[in-house]
Every structure is written in C-alpha cells, then in structure tokens.
Amino acid sequence: MASYLNSSMVLSKPKQPASHLDFLNSQHLSSWSPITSVRWRTHHQRCSVQVKVRASSSMGKGLKVMISGAPASGKGTQCELITTKYDLVHIAAGDLLRAEIAAGSQSGKQAKEYMEKGQLVPDEIVVTMVKNRLSQPDSAEKGWLLDGYPRSSSQATALQAYGFKPDIFILLEVPQEILVDRVVGRRLDPVTGRIYHMTYSPPETEEIAARLTQRFDDTEEKVKLRLQTHNQNVESVLSLFEDITVKVDGSLSKEDVFATIDSALSNLIKQKNATLGMAAA
Ligand code: AP5
C-alpha cells in the first residue's frame, strides 16, 4: 500500500457519516481561489445542499493521478470533485471516445463497435488519443487526472514508454450488485457535463431533469459485458502499480469516498513537498 496513506483510510468506513462540508476543513483552504459551487444530495440527508468549493490554483500543481474501477464505480463522479479542488486536467478515456463518436470520425465509428459490445477499444485508437491529450501544455502545467486508462497492461506499458508516470493509482472498489443499479439510473446533463443518478443524485430542478440524457451503453445487458471485460483485465493493470495503489471503498456515499481520496492526495502533496524541501536544503 502506498506509504502516504494511513491504513484507516482504506480499511474502515468512517464512524460518522462524513459531512458534505468535511473537505472544507482542509489545511489548504486559505490558498484556494476562485469559488466554484457544487450542489449535491447526500445519502444521509434527503435535502439538497449547496457548498462552496474553492478551486485551487496551485495545490495540486503537477500531480499525476490515475483513477480506476469497474463501470459505474464512481470514477467520473469523483473526478468532478477532485478537479474542483485540485484543478487537475481531467482526461477520461471514455469521454475522448464518445467525442470521437459524436464527431463521426473513422476512429469513433470503429470505437463504437467495441463499446456496444462492452469490449476494450483497440490500443491503436485509445493509446494515441490519451497520449495526445496528455501531451498538451495544460496537462504538463497543471497536472493530470487520468480516468479509465490504462485498462490493460499493454496500455500501461505504452504510456510509460511515452514518459507518463503516475504519482498515485486510485482504485474504487464497489460490489457488483451495486454497480448495475448505478448504471441503469445514471443520467448526464449535456449542458454542464454533470453526472446524476435518478435515485442517489437526482437533478436539482425540473429544467435540468428534462434535458438529461442516457448513455447508449448504460443498459443492464451491456453493463454485464463491461463488467466481464473489467474483471478480466483489472489484475494485470493493478500488478503494475502495486506500490502506488490506494484502494478506496467506493460503495460509500460520494462525499465519504471523496474524503478518503482527498486525504490520500493531501498526504501525497505533503510528502512531495517534503521531498522537494529536503532536496533544496
Ligand atoms: P467509460 O466511459 O470509461 O465507462 P466505465 O469505465 O464503464 O465507467 P463509467 O463511466 O460507466 O462509470 P464511472 O465509474 O465513471 O461512474 P460514475 O461516476 O458515472 O468507458 C466506456 C467504454 O469505452 C468502455 O466500456 C470501453 O468500451 C471504452 N473504453 C473506455 N476506456 C477505455 C480504454 N482505456 N481502453 C479501451 N477501451 C476503453 O457513476 C455512475 C453512477 O453512479 C452515476 O449515476 C452516479 O451518480 C452514481 N454514483 C457515483 N458515485 C456514487 C456513490 N458513491 N454512491 C451512489 N451513487 C453513486
């Protein structure tokens, strides 16, 4: 297990349901700017709450994060929260592929055939797409948050060969029976890009509810195929990142999941700063 992680972070469920304001207690609060609003409905309270999250301009600077997990384990949801706080460039392999499909490109057409079957899109499409996005100046400057990549050892090796090495590999662990329910209820807001769930994270207004869309691969039948693919590949990827892996219980509320990730990232930043300080001394 990564050394910057306290064992309590991954092994135990918080005794109290974490407050939606927990992460505002961060020691980094004073250096945040500007303010971004995030609104969600917690599992513990059925009322909608709005919190002010200050996006950091520098605290996560240069951080290189990979987040992995089964379909609907909450990668995208956590990425929204992580980027809001740490201001990393969010690169989601699935989103890059869907953008190609929407653009009607040849790669998009090919990719859709695999996505329809819940299979991995071939490396020659995915690796180049991800590498090109990682190579853009904003990723190098701000740091990156890679979501849903690598999904095979060949993808991991390809990235390393291009010189992209993560500081931390976050794995969201969620029991299979919960995943199907999450997939089927998921909806996306095409205007804001936000992820909703009709039960766990319902839209805040009628206007938003009316415009929500569903992904073409979000059916019970397709998610089972996607899960099979994930289960076949996850171990080979994990074995390559063992020393920097942080396993997080993704079945908790999204606020509690984020609290664990937030602690791991804060500790990692502290550790990196300490190492830099020692090198400068
Ligand atoms: P991709 O788009 O990456 O899909 P996925 O991996 O199946 O993951 P999802 O996006 O479905 O889920 P998520 O973990 O982001 O969950 P979310 O936060 O939305 O990939 C799609 C396809 O593209 C693949 O099948 C493959 O074909 C291809 N592809 C992608 N990457 C590839 C690669 N590297 N190589 C080759 N092919 C690739 O949450 C889900 C729902 O649950 C939401 O409704 C949310 O509101 C809810 N929720 C989230 N967290 C919680 C919580 N803690 N409690 C309750 N509800 C929650």
Should R186 and D181 be marked as a salt bridge (charged side-chain N to carboxylate O under 4.0 Å, His left out) after you check the CA-CA gap, both sets of side-chain angles, and the distance that decides it? CA-CA 9 Å; R186 171 169 46 198; D181 183 38; over 6 Å; no
Are [X] and [Y] close enough that some pair of their side-chain heavy atoms sits under 4.5 Å apart?
{"X": "L146", "Y": "I67", "result": "no"}
{"X": "F258", "Y": "T77", "result": "no"}
{"X": "L179", "Y": "L227", "result": "yes"}
{"X": "V89", "Y": "L134", "result": "no"}
{"X": "Y196", "Y": "I208", "result": "yes"}
{"X": "I170", "Y": "S68", "result": "no"}
{"X": "D256", "Y": "D249", "result": "no"}
{"X": "W144", "Y": "P166", "result": "yes"}

Measuring from [X]:[atom1] to [Y]:[atom2], what's the distance to the nearest 0.5 Å?
{"X": "T260", "Y": "K247", "atom1": "OG1", "atom2": "NZ", "result": "15.0 Å"}
{"X": "D147", "Y": "I82", "atom1": "CG", "atom2": "CD1", "result": "9.0 Å"}
{"X": "L145", "Y": "K64", "atom1": "CG", "atom2": "NZ", "result": "14.0 Å"}
{"X": "Y162", "Y": "T128", "atom1": "OH", "atom2": "OG1", "result": "6.0 Å"}
{"X": "I91", "Y": "N132", "atom1": "CD1", "atom2": "CG", "result": "10.5 Å"}

Out of curiosity, does [Y] fall in the hydrophobic cluster containing [X] (side-chain heavy atoms, cut-off under 4.5 Å, transitive links)?
{"X": "I178", "Y": "L252", "result": "no"}
{"X": "L120", "Y": "L238", "result": "no"}
{"X": "V223", "Y": "L188", "result": "no"}
{"X": "M66", "Y": "L240", "result": "yes"}
{"X": "M115", "Y": "V183", "result": "no"}

Donor-acceptor under 3.5 Å (E80 side chain, I195 main chain):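 Yes; at least one donor-acceptor contact below 3.5 Å.
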Please check if the side chain of T229 supplies one atom and the backbone of G118 the other of a donor-acceptor pair under 3.5 Å.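 The answer is yes, because a donor-acceptor pair under 3.5 Å joins these two groups.
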Can [X] and [Y] be counted as having a side-chain donor-acceptor contact under 3.5 angstrom?
{"X": "T192", "Y": "D189", "answer": "yes"}
{"X": "Y86", "Y": "S266", "answer": "yes"}
{"X": "K254", "Y": "S201", "answer": "yes"}
{"X": "E221", "Y": "T219", "answer": "no"}
{"X": "S152", "Y": "N233", "answer": "no"}

Does this structure show an ion pair linking [X] with [Y], if we count only N-O contacts that are shorter than 4.0 Å?
{"X": "E220", "Y": "K224", "result": "yes"}
{"X": "R194", "Y": "E204", "result": "yes"}
{"X": "R133", "Y": "D95", "result": "no"}
{"X": "K222", "Y": "D217", "result": "no"}
{"X": "K112", "Y": "E100", "result": "no"}

May I ask you to decide if the ring planes of F241 and F169 are parallel, tilted or perpendicular, using 30° and 60° as cut-offs? parallel
Quick check on E206: does its CD atom have over 12 non-hydrogen neighbours (other residues, nucleotides or ligands) under 6.0 Å away? no
Can the positive tip of K117 be found less than 6.0 Å from the middle of the six-membered ring of Y114, inside 45° of the ring normal? yes
